[in-house]
Amino acid sequence: MPFYRLLVKPSLKTLEAAKKAAVLIHVYPSGDGLNVLYMKRPAYPGTHGGQVSFPGGRREESDADFIQTALRESFEEVGLHSEKVSVLRALDPVYIPPSDFLVHPFVSFAANEPELVLDPNEVDYTFSVPLDALMSGKLIGKAKVPTKYGKVKVPAYLWDEEVIWGATAIITSRLVALLS
């Protein structure tokens, strides 16, 4: 995580009041082993426009729990069918100060490569990264990224032309730590 995130310790009151969301860290087999699914959001004026993320989004009152939020949002954004996905476990929530979201990540698995149907309003495109590459540590680097505070140098996973940073990188690093 960027050094300045260590300085931002949200209070319990902040976490309780934060907007709630959930995402799927979706793992599936492909020709080169296990892969992790990522998506790139379209460029828009909001805080997370044009960023790499996991499928997921804001919790709705009708959602029974955060797992249902992650599954519903993943279906809406990229077409992951909940009946073809096994949710394996939750990871610790991540607070995102710029957008005031508390994100609940869940690791999911499917036995087959998903047939994705993208919502163009939510997703520009998807890509996957081999789990072995994430686990190797060779993708870890630094990148300058645009934020509402200007360009900031942040730690990131660098895959091809993709920069995985912020909360998505934090969640990715937690997955790697869990599997190490």
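Since the structure is predicted, the reported quantities are computational estimates derived from the model, not experimental observations. Note that the numbering runs from 1 along the sequence shown for the chain.
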For the backbone of Ala64 and the side chain of Gln68, can you confirm whether one donor and one acceptor N or O come within less than 3.5 Å of each other? yes
Minimum-distance pair of heavy atoms, taken over all atoms of Pro93 and Pro105: CA-CD, 4.0 Å
Do Leu34 and Asp132 make a side-chain contact, defined as non-hydrogen atoms from C-beta onward lying under 4.5 Å apart? no
Tell me if a side-chain donor or acceptor on Ser136 pairs with a main-chain N or O of Lys138 at a distance below 3.5 Å. yes
Output every pair passing ring pair (Phe, Tyr, Trp, His ring centres under 6.0 Å) with a member in residues 107-133, not counting sequence neighbours, ordered by first then second residue. Tyr38-Phe127
Could you give the distance from CD1 (Ile25) to OG1 (Thr168), rounded to the nearest 0.5 Å? 9.5 Å
Taking C-beta and beyond as the side chain, do Pro55 and Phe75 meet within less than 4.5 Å on heavy atoms? no
What one should report as the nearest heavy-atom pair of Tyr157 and Ser173 is OH-CA, 3.2 Å
Quick one: side chain to side chain donor-acceptor pair (under 3.5 Å) pairs with a partner in residues 101-116, sequence neighbours left out? His26-Ser108, Ser30-Glu113
Nearest-0.5 Å distance that lies between atom CD in Glu76 and atom CG in Asn121: 11.5 Å
Are Val94 and Arg174 side-chain neighbours, meaning at least one heavy-atom pair lies under 4.5 Å? yes
If a pair satisfies salt bridge (charged side-chain N to carboxylate O under 4.0 Å, His left out) and one of its residues is in residues 158-169, list it, with sequence neighbours excluded. Lys40-Glu162
Does any part of the side chain of Lys84, heavy atoms only, come nearer than 4.5 Å to the side chain of Pro114, both counted from C-beta? no
Does any part of the side chain of Phe54, heavy atoms only, come nearer than 4.5 Å to the side chain of Val36, both counted from C-beta? yes
The reported gap from CD1 in Ile140 to OG1 in Thr172 (rounded to nearest 0.5 angstrom) is 10.0 Å
Nearest heavy-atom neighbours spanning Pro29 and Ala110: CD-O, 3.0 Å
Trp159 vs Ser128 side-chain heavy atoms within contact, under 4.5 Å: no
What residues, two or more places apart in sequence or in another chain, satisfy salt bridge (charged side-chain N to carboxylate O under 4.0 Å, His left out) together with Glu77? Arg41
Name of the residue among Arg72, Arg58, Lys20 meeting side chain to side chain donor-acceptor pair (under 3.5 Å) with Asp63: Arg72
From CA spacing to verdict: side-chain contact (heavy atoms from CB on, under 4.5 Å), Leu158, Leu139: CA-CA 5 Å; Leu158 307 173; Leu139 303 184; 5.6 Å; no
I need the Ile171 CD1 to Ser53 OG distance, nearest 0.5 Å. 9.5 Å
Going from CG on Leu175 to CD1 on Ile170, what distance comes out if it is rounded to the nearest 0.5 angstrom? 14.0 Å
Taking only residues two or more places apart in sequence or in another chain, which ones pass salt bridge (charged side-chain N to carboxylate O under 4.0 Å, His left out) with Arg59? none
In the hydrophobic clustering that connects Ile, Leu, Val, Met, Phe, Trp and Tyr at side-chain heavy-atom distances below 4.5 Å, which members other than Phe66 occupy its cluster, ordered by chain and number? Leu24, Tyr28, Leu37, Met39, Ile67, Leu71, Val78, Leu80, Val85, Val87, Phe106, Leu116, Leu118, Val123
Straight-line distance of Leu134 CG to Leu179 CG, nearest 0.5 Å: 10.0 Å
